[in-house]
Amino acid sequence: AMACGVPVVTTDAGDARAILGADADVVRVGDVAAIAARVDHWLAAGADARAAHGAALRERIARDFGLDAVARRHADYWRAMAAPSPSRAR
């Protein structure tokens, strides 16, 4: 949903909070009333507010989880793994 540029309401399971970031609409697992309240909020917020929030989420997912960002993190990881280790230098 983030990549589609729409507001996201999710539960605090797995890495949802870390992926969505500080402005996330994350509620406790099983809190149906909280999920409904956040969905109602976005339905009542109007198209402009939904579009602005969705655009911010889309920018975050592209910046932090797009192909370039993920490839860079993988390359950094493998460079670190291939670097000489003090414990292996003996």
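We count residues from 1, following the sequence as given. These values consider heavy atoms only, across backbone and side chains, with no hydrogens, waters or symmetry-generated copies.
- Contact check for Tyr77 versus His74: no side-chain heavy atoms found under the 4.5 Å cut-off.
- Each of Leu57 and Trp42 belongs to its own hydrophobic cluster when Ile, Leu, Val, Met, Phe, Trp and Tyr are linked at side-chain heavy-atom distances under 4.5 angstrom.
- Under the 4.5 Å side-chain contact rule for hydrophobic residues, Leu43 and Val8 do not share a cluster.
- Under a cut-off of 6.0 angstrom, the local environment of CZ in Arg60 is crowded, with over 12 non-hydrogen atoms contributed by other residues, nucleotides or ligands.
- In the hydrophobic clustering of ILVMFWY residues, with side-chain heavy atoms under 4.5 Å counting as a link, Val27 and Val39 come out together.
- Cluster partners of Val29: none. The rule joins Ile, Leu, Val, Met, Phe, Trp and Tyr whenever side-chain heavy atoms lie under 4.5 Å apart, and it links nothing here.
- Residue pairs satisfying the side-chain hydrogen bond (donor to acceptor under 3.5 Å, both in side chains) criterion with at least one member in residues 6-18, sequence neighbours excluded, are listed as follows: Asp12-Arg17.
- Val70 belongs to no hydrophobic cluster, as no Ile, Leu, Val, Met, Phe, Trp or Tyr side chain comes under 4.5 Å of its own.
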_Audit row: Arg58, Val6, side chain to side chain contact (heavy atoms under 4.5 Å, CB included) steps and yes/no_ = CA-CA 8 Å; Arg58 172 145 177 55; Val6 297; over 6 Å; no

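- Counting only heavy atoms from C-beta outward, the side chains of Ile61 and Ile19 approach each other to under 4.5 Å.
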*Step-by-step salt bridge (Lys or Arg N to Asp or Glu O under 4.0 Å) determination, Arg73 to Asp76*: CA-CA 5 Å; Arg73 283 196 302 271; Asp76 291 346; over 6 Å; no

